Structures are given as structure tokens and as C-alpha cells.
Amino acid sequence: MADGNGQCTEPDEKTEMANSNQSLTNMNNNAAGQPSRSPLNGPAVSEEKGLTCADRTSNEARYSHALSKGNQDTKAASSSKRSTRIRSRSLSASSTDSYSSASYTGSSSDEDDVSPREKTQKNSKGSNDFCVRNIDLHAFGRREIEIAEQEMPGIVALRKRAADDKPLKGAKIVGCTHINAQTAVLVETLAELGAMVRWAACNIYSTQNEVAAALAEAGYPVFAWRGETEEDFWWCIDRCVNAENWQPNMILDDGGDATHLMLKKYPAMFKLIKGIVEESVTGVHRLYQLSKANKLTVPAMNVNDSVTKTKFDNLYSCKESIIDSLKRSTDVMFGGKQVVVCGYGEVGKGCCQSLRGLGCVVYVTEIDPICALQACMDGFRVVKLNEVIRVVDIVVTATGNKNVVTREHMDKMKNGCIVCNMGHSNTEIDVGSLRTPELTWEKVRSQVDHVIWPDGKRIILIAEGRLINLTCSSIPSFVVSITAATQALALIELFNAPAGRYKADVYLLPKKMDEYVASLHLPTFDAHLTELSDDQAKYLGLNKAGPFKPNYYRSTQDQPYKIKTIQEIVLRKLFSSPTPQSSNATSLLTVLNVMLL
């Protein structure tokens, strides 16, 4: 008979497949037979053309048996006593669902004791230029990608419009981003536009193994799997940068790690780069530091602070994913909980709005008086972390900074406090300070740990301080489509720009491109733009076709070093008159000069 997805399975075989999926992720026996919550909403079966239902069933049985056996070996290996004080507990049925809603249940296990680096794998074309957890998962990954494409109208539209022109023909791109179904749509779009790519993950926990397998099967050199070690992480990026007959000329980065490695390890290769596209706060900050120190020798595009990235991805994506992530990983009830969100940028704003909407009492910590004032006027109480750390139930970091939550803070937390990160960097929570002999780590479920103090107090740490939404849940494909289209346009612009247009500095995406990205997504909502009349356009001093935002829009934080220079020029003009006679004026000048240092 056919299931809801039109697959050929029999009732008892369907139950067997569901049970196998649950055993892959250590689900409790009392949950056997329940359907998984993967986006496919059903057992995974082969879609190989030409196979009969009996053939498919046989393949499925062999596949399930092989993975179940591997999982049993993993259990046996993990049961041995380790030198570090770590206790493991069996996972509940809900814990496997919490693992990743965007991942086929059981396929993204991070507990495989055999490193992919030690395996010999080939895709159906005979290529082995990749390193993923299990190439046999590619069929499930392909379905994930197909689902994502349906919710990514902008990047798909861009692919269709530019496919004939091949604007990236000759581009050799090193990508270092999260590897999920949405990223796969971007990767395949770049290839469709003429680019050659090699891809690694920017986060050791966010990779969807089946999606990485699908990309590898399609012939893309992908080096990533969920649960990499730090050494694996840098090895994967190195494999993308340094390969036979490969000289990259573009970098698409998320966090600055690919840029950092190439600059430090392959400086001669780095000088041949035509442009860098960076999409994270952390990576952009690093680029500005390089620029200030005159170490940035190539032009870079700051996508993170583009209007489309900031106003949509950072806000709406985090607004929807923070709740889902916490629910899936902890099953927490939000009503009445006291939550502190560290940082009130666009990510913090989205988190605060969602948490308050479910009845949480939300506090905000901020270093920026402007963001702090916004939080106050939005109805949140702005506090120092030390003032509320003893009473809050949930701590969310969203700053991109380091050591925002320290061991001292965690020592003061109440029993059962949940600690998680929504910022890019994994340094916001000082997890290293928790790896001491007096503290016990107890694994609750995938990416969820109890850290237990000697007096019995425990906190719940999510994903070891890495991104909770990409580790424990997923992000909305539609919003990622906006960011992906922005990244693609930035790559096209830098790669095709004539010599001299961009110097070795950090630039924002032109506003016209921001508006073009937005326009690609409007048809989804059947939105109709109003057009300016000639008289109205003349009155506003605008072109009827745009751009409608000035270049400095959203740029007060984007160009910190240039803005400082502009401020100094303004001040010199303001105080270019003879030395003020008023002591008050002199004091004001002194204060302003100090502020500009």
C-alpha cells in the first residue's frame, strides 16, 4: 500500500522502519512505532528509479539494520568509563525529535565513533573529493533540499533569471557557512550561475549530515559533518582552500574562519582573491580589524549589515526559531518564566518579542545606550546580568562577543537554569570554565547537557554554547532565501566589478541590490508596489526605479572607522571659530573629543 507520501511500503514494514529510526537516536522503547517528526513525516525509503516495492523494502531493511548495528556499537563504546566525569542517560522519544526538525530522524547522529576522515567513500560517479558522515544518506538529503526550495522563491528566481548569463563563470568559491538544506539551495544556485565551489561548515554542530551527503553525491566537494572536533573543523576548511588544481578567487564566509585560515596559512593564495563576502557579526568585526590594521589586501562585502540581512534574517529568523529550539531541546513551558536576553540588536529584538509573546518576563542587558533605550521603549527592563542572574530561568546570549556569561555568573544561577546562545560565536558562554574536576557533565539528550555542581545544583547547557537554533532546530527557509539571494548578488558584484571600483576595504551591498532582493520575494505575497509619479520623484529627489534608501541608511554601525573620521570633520567645522570663551563650550569640546577617541 502507499503511505501519505506515495511510497510503497506495507504496514508492518512501515512500523519496522519507524522503530529503526528511533533506535538510531536512542529513543525509549515505549515510543516504538510512532512516526518521526522529520519534514518528510514518514519513513525514509529509496526513490531509485526502476526498483520494485520489494527491492525498495529489501534495501530499506539492509540500510536500517546497518545503521542500527552501528548505533549499538556506539552505545557499547560510550558505556565505558571516561576519565572526565561525564554521565550518559538514555534519550527519551522527544529528545530525538528535539535533535533537529530539519534532519531525517537518526541520520545526523553525532555519536558515531568512526571519524569520516577514516572512511573511504565514493559517490555514484566514482568521486571521493568530499568528506561527509555517510554518503548513503544522500536520498534523504535531496528531499530536504527539495522541501527548502519550495520556501525559497527569491534565490530560485535569481537562479532562473541569471542562469543563461552565467555571471559567475570562472569564479572559484570557498564557502564556509552552516550546511543545511537552505545552504544547499544556495550552493546549487552558485553552480548554476557558473561558479565552482568547495564547501566546509562554520559550526561543528549545525551540519545536516544527509544534506552534506546529497551535495557530495551531486558532485560538490563538501567537507563537513555534525559533531566535528576542533581539529576536524580546521582540517575541513583547509581541504576546501588547498586542493589540487584549485586556486580560489572568492570567499563566502560566516564567521571569518575561512578568511582567517587562508590569510594565515596561505598568504600568497589570499592575495589572488578577488573578493570576500561575510555574513556574520563576528566575521564582519574581524574584517574591520584587518582593515584598520592595513592587513586586508582584498575588497570585502559586509552582507551582515545589509538591510535585507539585518531587517529580515537577524530579526524574523531568530524570532521564530528561538522558541522552537528551546521547546525541542528542553520541553520548557514559557509562561511566567523569567528570561534575560544579552544583547538587543536585531537578533535580541526577535528573541525578546517571541519570549514575551509566550508570557515570559524578559530582561535585557546592553552595552549600547541606543539599543538600551530601544529596549526600554519596547517595554523591557534593562539590567546588568549580575542583578538578575540568581532569579532568571533562562539565559540567552545574542551579542557576538566573548565571555558574556562567565563561570562566576553560572555559579550564581538557580537550579535548572537553561543557558543557550543565539549569537554567532561559541565564545559568548564561557563553556571552558565548566570543564573542571569538581563539576559533573551529564548528557540528557543530543546537544543537551546537565552541568552539576558539588552541592547538587545543575544548569541545562544547550549545544555547548553554540547556536541553539541551527543545532537543535531549524530556521525558516523563506528568510534564508533573502539572505542567500543577498550573498549571491554580493558575490556577483565583487567578481564582475571592474578594476578600481573596490579597494582593499569593507563595503556594504549597494542599496539598489538590497531592494532587488526584496522585490524577488514580493510576488510570494501577491504584493503590488505603488509607483512614484514624475512630480513625486522630483519632489523627493529620487529615481522612480530606486534606490529609495540612501547609502548611509543602516550604516552608523557598519562603517565604524569611517564614521569616526566623518564625525571629526563635523566637529572641526563646528569648532573652527576662535577658542570659545565659555568654559561650558570648552568642556563640551573636551567631552566630544574624548568620545571620539
Side-chain angles (χ1 to χ4, degrees), residues 142 144-173 175 177 180-197 199 214-215 218-220 249-252 274-279 301-304 306-313 316-317 476-498 501-502 507-532 542-549:
R142 179 50 55 187
E144 298 275 7
I145 296 170
E146 290 170 355
I147 290 173
E149 281 185 342
Q150 296 173 18
E151 267 289 292
M152 300 182 72
I155 189 68
V156 172
L158 181 63
R159 179 193 300 179
K160 292 178 180 178
R161 293 186 185 187
D164 293 337
D165 296 334
K166 303 291 183 187
L168 289 175
K169 184 178 181 179
K172 295 183 178 180
I173 303 171
T177 67
N180 48 32
Q182 295 84 7
T183 301
V185 177
L186 171 61
V187 170
E188 295 185 339
T189 297
L190 297 178
E192 188 73 19
L193 301 186
M196 297 176 63
V197 302
W199 224 268
L215 288 173
Y220 301 105
N249 52 27
M250 300 293 293
I251 299 175
L252 177 56
K274 293 191 66 173
I276 301 169
V277 175
E278 174 58 57
E279 73 152 321
M301 196 73 80
N302 171 4
V303 169
N304 179 73
S306 65
V307 179
T308 44
K309 174 69 164 62
T310 303
K311 298 285 187 183
F312 298 95
D313 194 341
Y316 295 107
S317 175
S477 296
F478 186 88
V479 174
V480 180
S481 175
I482 299 173
T483 300
T486 305
Q487 291 171 314
L489 282 176
L491 287 167
I492 292 171
E493 170 65 14
L494 284 177
F495 183 70
N496 292 282
R501 176 180 293 180
Y502 296 105
Y507 295 86
L508 286 173
L509 194 71
K511 292 298 180 291
K512 184 65 177 176
M513 291 189 182
D514 268 322
E515 293 171 2
Y516 178 69
V517 170
S519 69
L520 289 175
H521 293 82
L522 288 177
T524 303
F525 302 99
D526 193 26
H528 305 277
L529 290 173
T530 301
E531 295 183 6
L532 290 173
L542 296 174
N543 187 308
K544 291 177 65 175
F548 301 99
K549 296 285 191 299

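Since the model is a prediction, treat every value here as computed from it, not as a measurement.
For the pair S481 (side chain) and I155 (backbone), a donor-acceptor distance under 3.5 Å is present. Judged purely by atom type and a 3.5 angstrom limit, E515 uses its side chain to pair as donor or acceptor with the backbone of F548. With K309 contributing its side chain and A484 its backbone, the two residues share no donor-acceptor pair below 3.5 Å. Not one N or O on the side chain of K169 forms a donor-acceptor pair closer than 3.5 Å with the backbone of G194. Formation of a donor-acceptor pair under 3.5 Å by the K512 side chain with backbone atoms of A545 is found in this model.
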Q) Would R161 and L520 satisfy side chain to side chain contact (heavy atoms under 4.5 Å, CB included), going step by step from the backbone distance to the final call? A) CA-CA 11 Å; R161 293 186 185 187; L520 289 175; 3.5 Å; yes
task: I would like to know whether L190 and W199 meet side chain to side chain contact (heavy atoms under 4.5 Å, CB included); could you show each step before the answer?
output: CA-CA 12 Å; L190 297 178; W199 224 268; 3.9 Å; yes
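Here the CG atom belonging to N543 is positioned 9.5 Å from the CG atom belonging to L532, to the nearest 0.5 angstrom. The line from CG of L158 to CD of E192 is 11.0 Å long, rounded to the nearest 0.5 Å. Rounding to the nearest 0.5 Å places CG of N249 at 10.0 Å from CE of M196.
For the pair Y507/L494, no side-chain contact is recorded, criterion being any heavy-atom separation below 4.5 Å from C-beta on. Counting only heavy atoms from C-beta outward, the side chains of I482 and D313 never approach each other to under 4.5 Å. N304 places none of its side-chain heavy atoms less than 4.5 Å from the side chain of E278. Side chains of T483 and Q182 form no contact here, defined as non-hydrogen atoms less than 4.5 Å apart. The shortest distance between side-chain heavy atoms of V480 and N180 does not fall below 4.5 Å.
When every heavy atom of L542 is checked against every heavy atom of P547, the shortest pair comes out as CD2-O, 3.9 Å. Of all the heavy atoms in A184 and L215, the pair that sits closest is CB-CD2, 3.8 Å. Residue A163 comes nearest to L193 through the heavy atom pair N-CD2, 3.8 Å, listed as atom of the first residue, atom of the second, then distance. The shortest heavy-atom contact between M513 and L489 is O-CD1, 4.0 Å. Nearest approach of P167 to F495, heavy atoms of both residues: O-CD2, 3.7 Å. Of all heavy-atom pairs spanning V185 and A148, the tightest one is CG2-CB, 4.2 Å.
Counting heavy atoms of neighbouring residues, nucleotides and ligands inside a 6.0 Å radius, atom OH of Y502 exceeds 12 of them.
The only option from I251, N302, L491 that meets the side-chain contact (heavy atoms from CB on, under 4.5 Å) definition with V277 turns out to be L491.
For the residue pair E188/Y220, the side-chain donor-acceptor check at 3.5 Å is not satisfied. For the residue pair S306 / T486, no side-chain donor-acceptor distance below 3.5 Å is found, with atom types taken as modelled.
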